Amino acid sequence: MRIDIVTIFPEFFSVLDVSLLGKARERGLIDLSVHDLRDYAHDRHRTVDDTPYGGGAGMVMKPEPWGEALDATLVAASVVVFPSPAGERFSQATAKELARADHLLFGCGRYEGIDQRVVDYARTKATVREISLGDYVLNGGEVAVMAMIEAIGRLVPGVIGNPQSLSDESHEDGLLEYPSYTKPAEWRGLEVPPVLLSGNHGAIAAWRHEQKVERTRRVRPDLLG
Ligand code: 6GU
């Protein structure tokens with residue numbers, strides 16, 4: 001999978017060199033490039049924003065640098081993702097869909113957003129998704145894109161060694177994950193649930209399922225519908 005990121009804060013993405021995704025990049029499974037939007041602004045101050053038409057607080061990102069950045073990175077097969085608190089809600093299902101794309105292009109907006117014509121223009125050239133992480137406001141799309149890339153990247157075939165660990169986790173079957181324990185069997189007076197030490201695989205599976213349902217009911221009743 002190829003991933004391009006356009007941002008005015010390229011340094012945010014240096015953490016993608018480490019951990020699982022860093023390894024996936026080293027192994028050639030994910031080919032990731034970060035582009036500085038200011039490289040596509042040609043005035044002395046490399047201006048990327050301006051005041052909003054119609055008035056109002058804050059600044060809006062200008063279309064011209066974005067147009068050049070898209071021209072340099074976008075192909076017809078691209079899925080262009082604009083992170084925005086006004087977008088559709090990101091979920092495990094979204095991550096799965098995006099993990100199937102050959103090319104993802106993330107356009108990180110700052111300030112009060114990007115001139116809407118940039119999004120409309122991108123739609124004439126490729127598939128475009130405006131995506132939000134949740135119902136709260138971040139200063140810009142960078143941290144949101146980092147979260148999306150982590151969720152998507154680990155679903156790219158080969159990135160995670162044991163694919164079984166993908167099917168056992170929270171949200172995979174609409175339920176939250178069961179609690180996990182490791183040695184020692186007793187720690188500071190707290191015991192591991194005895195069923196996990198029983199060796200009875202049927203009983204363990206039944207207990208884990210019960211825990212998932214109970215936890216989901218308690219913490220996220222909305223998931224039970
Ligand atoms: Cl994707 N962007 C911004 N700026 N704020 C957000 C968000 C995205 N998702 C939740 N809040």
Side-chain angles (χ1 to χ4, degrees), residues 1-16 19-21 30 32-38 40-41 46-67 69-70 73-74 78-101 103-123 125-156 169-171 176 219-220 222-223:
M1 167 185 280
R2 207 180 105 213
I3 299 177
D4 287 285
I5 304 167
V6 180
T7 172
I8 56 168
F9 295 119
E11 61 275 23
F12 255 99
F13 295 95
S14 54
V15 299
L16 293 175
S19 189
L20 212 70
L21 290 189
I30 293 175
L32 185 142
S33 310
V34 184
H35 310 266
D36 189 342
L37 180 68
R38 290 192 197 279
Y40 303 100
R46 308 214 294 163
T47 309
V48 293
D49 62 326
D50 207 337
T51 54
Y53 274 125
M59 300 289 270
V60 176
M61 292 186 111
K62 295 162 60 62
E64 302 95 321
W66 276 107
L70 292 177
T73 50
L74 182 152
S78 306
V79 177
V80 187
V81 176
F82 290 106
S84 161
E88 57 171 311
R89 177 77 159 265
F90 188 73
S91 68
Q92 191 65 21
T94 322
K96 275 189 188 167
E97 284 166 36
L98 295 177
R100 284 197 289 268
H103 180 223
L104 294 176
L105 169 53
F106 291 94
C108 299
R110 279 263 146 184
Y111 311 113
E112 312 307 312
I114 305 174
D115 188 305
Q116 185 62 36
R117 289 169 295 180
V118 173
V119 179
D120 298 343
Y121 174 80
R123 274 213 174 90
K125 302 285 177 189
T127 304
V128 172
R129 311 270 300 253
E130 293 177 89
I131 302 181
S132 166
L133 278 196
D135 296 338
Y136 45 84
V137 178
L138 305 170
N139 284 332
E142 281 78 8
V143 168
V145 164
M146 208 98 71
M148 291 181 209
I149 289 176
E150 181 138 337
I152 296 161
R154 60 197 293 285
L155 300 177
V156 170
E169 60 199 11
S170 290
H171 300 297
L176 302 183
V219 181
R220 291 293 306 278
D222 57 300
L223 294 178

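Given the structure is predicted, the values throughout are model-derived calculations rather than measurements. Indexing begins at 1, ligand by ligand and atom by atom, following the structure's order. The analysis underlying the following values was restricted to heavy atoms, covering all of them including side chains, and did not include hydrogens, waters or symmetry mates.
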Quiz item: Counting heavy atoms only, which of Ala86, Gly87, Ser84, Gly141 comes nearest to atom 8 (C) of ligand 1?
Solution: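 Answer by nearest heavy atom: Ser84.
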Quiz prompt | Identity of the nearest option to atom 6 (C) of ligand 1, non-hydrogen atoms only, from Phe106, Phe82, Phe90, Tyr136 | solution =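 Ranked by closest heavy atom to atom 6 (C) of ligand 1, first place is Tyr136.
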Counting from 1, what ligand 1 atoms have a heavy atom of [X] closer than 4.0 Å?
| X | value |
| --- | --- |
| Ala144 | 1 (Cl), 8 (C) |
| Ile131 | 1 (Cl) |
| Ser132 | 1 (Cl), 9 (N), 10 (C) |

Measure the distance from [atom] to every protein heavy atom, then report the residue, atom name and distance (to 0.1 Å) of the closest one.
| atom | answer |
| --- | --- |
| atom 5 (N) of ligand 1 | Leu138 N, 3.1 Å |
| atom 3 (C) of ligand 1 | Pro85 CD, 3.3 Å |
| atom 9 (N) of ligand 1 | Leu133 N, 2.8 Å |

Practice problem: Let me see the working for Ile152 and Ile3 under side chain to side chain contact (heavy atoms under 4.5 Å, CB included), right down to the final yes or no. | Solution: CA-CA 11 Å; Ile152 296 161; Ile3 299 177; 5.9 Å; no
Practice problem: Would you mind checking if Arg38 and Asp36 are paired as a salt bridge, meaning a charged N to carboxylate O distance below 4.0 Å? | Solution: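 No, this pair does not count.
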Exercise. For the residue pair Phe12 and Val34, establish whether any side-chain heavy-atom pair is separated by less than 4.5 Å.
Key: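 Contact flag for Phe12/Val34 side chains = no.
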Quiz item: Looking at ligand 1, does any of its N/O atoms fall within less than 3.5 Å of an N/O of Pro83?
Solution: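 Between Pro83 and ligand 1, no N or O pair is found under 3.5 Å apart.
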